[in-house]
Q: 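First the structure, which I've put down as structure tokens, then a few questions once you've had a look.
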2 protein chains.
Amino acid sequence: MPDTLSQRFAALADPTRRAMLVQLSRGQASVSDLAKPFLKEMSLPAVTKHLKVLEKAGLITKTREAQWRPCQLNGEAFKDVADWVDQYRTIWEQRFDRLDAYLKTVTAKQNPTGKNYGRKK
Amino acid sequence: MPDTLSQRFAALADPTRRAMLVQLSRGQASVSDLAKPFLKEMSLPAVTKHLKVLEKAGLITKTREAQWRPCQLNGEAFKDVADWVDQYRTIWEQRFDRLDAYLKTVTAKQNPTGKNYGRKK
DNA sequence: TGGTTAATTAACCTTATAGTTAAGTAGCAG
DNA sequence: CTGCTACTTAACTATAAGGTTAATTAACCA
């Protein structure tokens, strides 16, 4: 069950792949262009595999031009990810609300959160 | 070398864990609260493991209260992710620029991108 | 003290991921 | 046709991820 969003997050969970995306954000590049910074650390087939992961996740598009495979970013996929994360925007903008909640916590003695979890009574 | 951002993306790359985060966005919840929607599909230790992944990624914080382990979201971690993705905002807002680039492409005959990749001459 | 609830740890299994080397395909240039 | 450049595929290996069951810890309750 590899849903699209899971594939996208998984693809982003690798520093090599993220570095490739950074390079692509500066414009279209071929496989060997993208491989260049990594050929000391890994082989070309490894690079091919990383690009395949990015492609399957929809983050990049690979086209053909003679013997080259120019790659470019796919904006919509990034927007998908951004939209999901944005659901949590209120959470990270909530500092003061959370401080407020904390102050209530230290005031109350027992069961500070006011929740009773699974308690029977 | 699991850098923080990689850990965060990896933690988000699982629908069960994302569902847990959704629940936590509605407020603090204990491990068994979080487990409830999943106990038909998986065991409690599996839930514990998922929460450990979220915790190591810094996306949630687990505290202690008697025999319960209330969990809550950690806003900063989400902000980290959002900030990274936001680097690509221009890409997905670039529709018209890309249409423009495409129009140039269909006009030029040879080597449409104007790039020469690794070509010697 | 003994039992129940909440959660974790240990040991194990299966599959996926990230890498390797070696061989194969495809386009172009002499 | 030969050979170089660009890239992919195949086959294999090692480790990590996600799940299981069974046993363990820990806090509360009667």
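The figures here come from the full heavy-atom set of this structure, side chains too, leaving out hydrogens, waters and symmetry mates.
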Q: Rounded to the nearest Å, what distance is computed from the CH2 atom of residue A/W68 to the C1' atom of nucleotide C/dA26?
A: 12 Å

Q: In this structure, how many angstroms lie between the P atom of C/dT17 and the CD atom of B/Q7, rounded?
A: 18 Å

Q: Indicate for each nucleotide in nucleotides 11-26 of chain D, in 5' to 3' sequence, whether protein heavy atoms under 4.0 Å reach the base (B), only the sugar-phosphate (S), or nothing (-).
A: B------SBBBB----

Q: What distance do A/L54 atom CG and A/L59 atom CG have between them, rounded to the nearest 0.5 Å?
A: 6.0 Å

Q: What is the distance, to the nearest angstrom, from the NZ atom on A/K62 to the P atom on D/dC7?
A: 9 Å

Q: Among pairs that include at least one residue of residues 42-62 of chain B, which meet salt bridge (Lys or Arg N to Asp or Glu O under 4.0 Å), considering only residues two or more places apart or in two chains?
A: B/E55-B/K62

Q: Which residue pairs pass the ring pair (Phe, Tyr, Trp, His ring centres under 6.0 Å) test when at least one of the two sits in residues 25-67 of chain B, sequence neighbours left out?
A: none

Q: By the salt bridge (Lys or Arg N to Asp or Glu O under 4.0 Å) test, which pairs, at least two apart or in different chains, include something from residues 6-15 of chain B?
A: B/R8-B/D80

Q: Keeping to residues at least two apart or across chains, list the ring pair (Phe, Tyr, Trp, His ring centres under 6.0 Å) pairs with something in residues 3-30 of chain A.
A: A/F9-A/W84

Q: Would you mind reading off the distance between A/I60 atom CD1 and D/dC7 atom C1', rounded to a whole angstrom?
A: 14 Å

Q: Which residues pass the side-chain hydrogen bond (donor to acceptor under 3.5 Å, both in side chains) test with A/R18, sequence neighbours left out?
A: B/D3, B/S6

Q: How many Å lie between CG on A/L51 and P on C/dG19, as a whole number?
A: 12 Å

